Amino acid sequence: AKGEEPEAVSVSKRLDALIRLMLEEQLGRGAMKRRDQLLILDSVGLSSGEIGRILGQSSKDIASALRKLKAQGARKADDE
């Protein structure tokens with residue numbers, strides 16, 4: 001990211017890669033759906049850009065998916 005030290009960028013990229021590997025493994029085993037991954041990453045405070053970098057998707061796609069998921073969650077809460 002802009003303004004970060006080279007070492008911090010390197011560590012950040014490695015952590016992103018580890019997170020992605022763990023999420024892909026969960027997805028492959030059917031233990032977790034992509035929607036759950038998005039919601040978890042969002043809930044820990046990552047931006048749509050950061051989530052997109054981890055999952056290999058654009059921040060616009062992530063932001064759109066999160067809006068839809070949160071709207072669905074709000075509708076479910078209203079139905080209960």
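All values reported here derive from a predicted model rather than from experimental measurement.
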> Hey, quick one: are Leu27 and Leu66 part of the same hydrophobic cluster, counting side-chain heavy atoms closer than 4.5 Å, chains of contacts allowed?
Replying inline: no

>> Count I, L, V, M, F, W, Y as connected when their side-chain heavy atoms are under 4.5 Å apart, and connections chain through other members. Are Leu55 and Val44 then in the same cluster?
In response: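 Yes, Leu55 and Val44 fall within the same hydrophobic cluster.
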
> Taking only residues at least two apart or on different chains, which pairs with a member in residues 9-20 satisfy salt bridge (Lys or Arg N to Asp or Glu O under 4.0 Å)?
Replying inline: Asp16-Arg53

> For residues 28-39, which residue pairs qualify under salt bridge (Lys or Arg N to Asp or Glu O under 4.0 Å), counting only residues two or more places apart or in two chains?
Replying inline: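 Matches after skipping sequence neighbours: Glu24-Arg34, Glu25-Arg29.
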
With heavy-atom distances below 4.5 Å as the criterion, would you say the side chains of [X] and [Y] are in contact?
X: Leu23; Y: Ile40; value: no
X: Leu15; Y: Ile54; value: no
X: Lys70; Y: Asp42; value: yes
X: Ile62; Y: Leu41; value: no

> Ser64: what forms a side-chain contact (heavy atoms from CB on, under 4.5 Å) with it, not counting sequence neighbours?
Replying inline: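 side-chain contact (heavy atoms from CB on, under 4.5 Å) check on Ser64 returns Arg67, Lys68.
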
> What distance separates Ile51 CD1 from Asp61 CG, expressed to the nearest 0.5 Å?
Replying inline: 12.5 Å

>> For the CG atom of Leu38 and the OG atom of Ser43, what is their distance to the nearest 0.5 Å?
In response: 11.0 Å

>> Quick check: closest heavy atoms across Ser59 and Gly49, and the distance to 0.1 Å?
In response: CB-CA, 3.6 Å

